[in-house]
Amino acid sequence: MGPSTPASLIFENVRVPEENILGELHHGYKLGLEWIGYARWVVGARAVGAAERLLQMAIDYAKERVTFGKPIAERQAIQWMIADSAVEIEAAKWLVLNAAFTLDQGEDNRHLASMAKLFGANMGNRVVDRVMQIHGGMGYTKEMPIERWYREARLWRIYDGTDEIQRLIIARNLIKGHVKLGQFI
C-alpha cells in the first residue's frame, strides 16, 4: 500500500572495524533509543506538513465545487470538517515543535516525541480521510494525490513504533514518575 517496500537485512559473520562503530561498544540499544526520539517527532512533523497541504486542497475544492446552486464550502458539514482539521493540525504542530525544541536544548525528548508521533499520525489519518470525503469520488481516484496520501498516512501509525507502543511509553513514563504532567511547559 505504501510508497516503499519494507526490507529485511541479514548479516552473518560480519566484523566492523573499530573506527566504524557508532557510539560505545555494546551500547547500541541505548543509542538506538536516543535516535528514535528524533525519528518519532519527524513522523509527526511529516503528518503536519501533509495535512496542511491536504486541507488547503480541500478548502480550494470546497470553494469551487457547486451543488444545488452554491459552493459546498457554504455547507455546515464541510465547514466543520475544515474547522476540525485546522484545529487538529495546529495542536499537532505544537506537540511537534515542543518535541523538537526539547531535543534542540539537549534534553531527552523521547516522551514528547512519542506524544507528537501518536497525535500527529492519527491527526494526519483523520485529516486525509476528511479531505477525501470533501472531494467525494474524485478524491478516491489516482488523478488526485489524496489517495496516495491516504495510503501513506496509514503507515505513519505503524512505523517507528505503533500507536499502541506510543501509548505504552507515554503511560509508563507518567505512572512511573519519569515525567510529570506539565513538566515541558
Side-chain angles (χ1 to χ4, degrees), residues 1-4 6-7 9 16 18-59 81-131 145 148-185:
M1 283 178 55
S4 60
L9 301 175
V16 177
E18 192 171 330
E19 65 270 11
N20 293 345
I21 293 175
L22 300 174
E24 295 178 48
L25 193 60
H26 305 296
H27 292 280
Y29 182 72
K30 181 182 174 193
L31 187 61
L33 288 178
E34 289 175 21
W35 289 350
I36 213 159
Y38 174 78
R40 286 183 174 156
W41 72 262
V42 171
V43 173
R46 181 166 177 76
V48 166
E52 284 181 336
R53 173 65 183 110
L54 286 160
L55 181 56
Q56 188 60 58
M57 287 175 62
I59 292 167
M81 285 190 269
I82 289 169
D84 287 346
S85 295
V87 169
E88 289 186 43
I89 290 168
E90 201 61 27
K93 190 182 300 182
W94 282 103
L95 285 167
V96 167
L97 288 171
N98 197 18
F101 176 77
T102 302
L103 181 66
D104 191 51
Q105 297 303 302
E107 298 174 28
D108 183 354
N109 82 331
R110 288 178 289 171
H111 182 79
L112 293 173
S114 287
M115 290 173 48
K117 183 198 182 295
L118 176 65
F119 188 81
N122 279 274
M123 171 281 301
N125 274 251
R126 289 187 297 271
V127 169
V128 74
D129 188 66
R130 290 182 195 123
V131 169
R148 178 182 55 83
W149 281 110
Y150 197 90
R151 289 182 286 118
E152 184 169 328
R154 187 58 182 90
L155 184 60
W156 298 335
R157 295 183 50 211
I158 298 169
Y159 68 75
D160 287 324
T162 63
D163 290 353
E164 294 76 17
I165 292 297
Q166 304 315 312
R167 287 185 176 101
L168 177 91
I169 291 166
I170 295 163
R172 183 182 57 208
N173 286 340
L174 291 165
I175 291 167
K176 290 187 174 186
H178 300 308
V179 173
K180 305 273 188 268
L181 291 175
Q183 174 179 339
F184 297 104
I185 295 177

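In this chain, numbering begins with 1 at the start of the sequence shown.
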*Asks:* How about CZ on Phe101, more than 12 heavy atoms from neighbouring residues, nucleotides or ligands closer than 6.0 Å, or not?
*Replies:* no

*Asks:* Would you please name every residue forming a side chain to side chain contact (heavy atoms under 4.5 Å, CB included) with Ala45, sequence neighbours left out?
*Replies:* Trp41, Val96

*Asks:* Quick one: pull up CG in Asn125 and CG in Leu155 and give me the separation to the nearest 0.5 Å.
*Replies:* 10.0 Å

*Asks:* Could you give the distance from CZ (Arg110) to CG (Leu103), rounded to the nearest 0.5 Å?
*Replies:* 11.5 Å

*Asks:* Can you list every pair that meets side chain to side chain donor-acceptor pair (under 3.5 Å) and has a residue in residues 24-33, with sequence neighbours left out?
*Replies:* none

*Asks:* Who pairs with Asn122 by side chain to side chain contact (heavy atoms under 4.5 Å, CB included), at least two apart in sequence or on another chain?
*Replies:* Leu118, Arg126, Arg157, Asp163

*Asks:* Taking CD in Glu19 as the centre, count heavy atoms belonging to other residues, nucleotides or ligands within less than 6.0 Å. Is the count above 12?
*Replies:* yes

*Asks:* If you look at every heavy atom in Gly161 and Gln166, which pair is closest and at what distance?
*Replies:* O-NE2, 3.1 Å

*Asks:* Under the side chain to side chain contact (heavy atoms under 4.5 Å, CB included) rule, what do Arg40 and Ile165 come out as? Steps first, then yes or no, please.
*Replies:* CA-CA 12 Å; Arg40 286 183 174 156; Ile165 292 297; 4.2 Å; yes

*Asks:* Sequence neighbours left out, what passes side chain to side chain contact (heavy atoms under 4.5 Å, CB included) with Asp104? Give chain and number order.
*Replies:* none

*Asks:* Using the test side-chain hydrogen bond (donor to acceptor under 3.5 Å, both in side chains), find all partners of Asp160 that sit at least two apart in sequence or belong to another chain.
*Replies:* none

*Asks:* Please report the shortest heavy-atom distance between Val43 and Tyr159, naming the atom on each side.
*Replies:* CG2-CE1, 3.5 Å

*Asks:* Could you tell me if the side chain of Leu95 sits less than 4.5 Å from the side chain of Leu112, heavy atoms only?
*Replies:* no

*Asks:* What is the distance from atom CZ of Phe119 to atom CD of Glu88, rounded to the nearest 0.5 Å?
*Replies:* 5.0 Å

*Asks:* For the residue pair Tyr150 and Asp129, what are the closest heavy atoms and their distance?
*Replies:* OH-OD1, 3.1 Å

*Asks:* Could you list the residues that satisfy side-chain hydrogen bond (donor to acceptor under 3.5 Å, both in side chains) with Asp84, not counting sequence neighbours?
*Replies:* none

*Asks:* Judged by atom type as modelled, is there a donor-acceptor pair below 3.5 Å linking the side chain of Thr102 to the main-chain atoms of Asn98?
*Replies:* yes

*Asks:* Please list, one pair per line, the donor and acceptor atoms closer than 3.5 Å that link side chains of residues 167-177 to other protein atoms, with sequence neighbours excluded.
*Replies:*
from   : atom 1 : to     : atom 2 : distance (Å)
Asn173 : ND2    : His111 : ND1    : 3.0
Asn173 : ND2    : Ile169 : O      : 3.3

*Asks:* In chain order, what residues pass the side-chain hydrogen bond (donor to acceptor under 3.5 Å, both in side chains) check against Gln105, with sequence neighbours excluded?
*Replies:* none

*Asks:* Can you list, pair by pair, the side-chain donor-acceptor contacts under 3.5 Å of residues 47-57, counting residues two or more places apart and other chains?
*Replies:*
from  : atom 1 : to    : atom 2 : distance (Å)
Glu52 : OE2    : Lys93 : NZ     : 2.6
Gln56 : NE2    : Asp60 : OD1    : 2.9

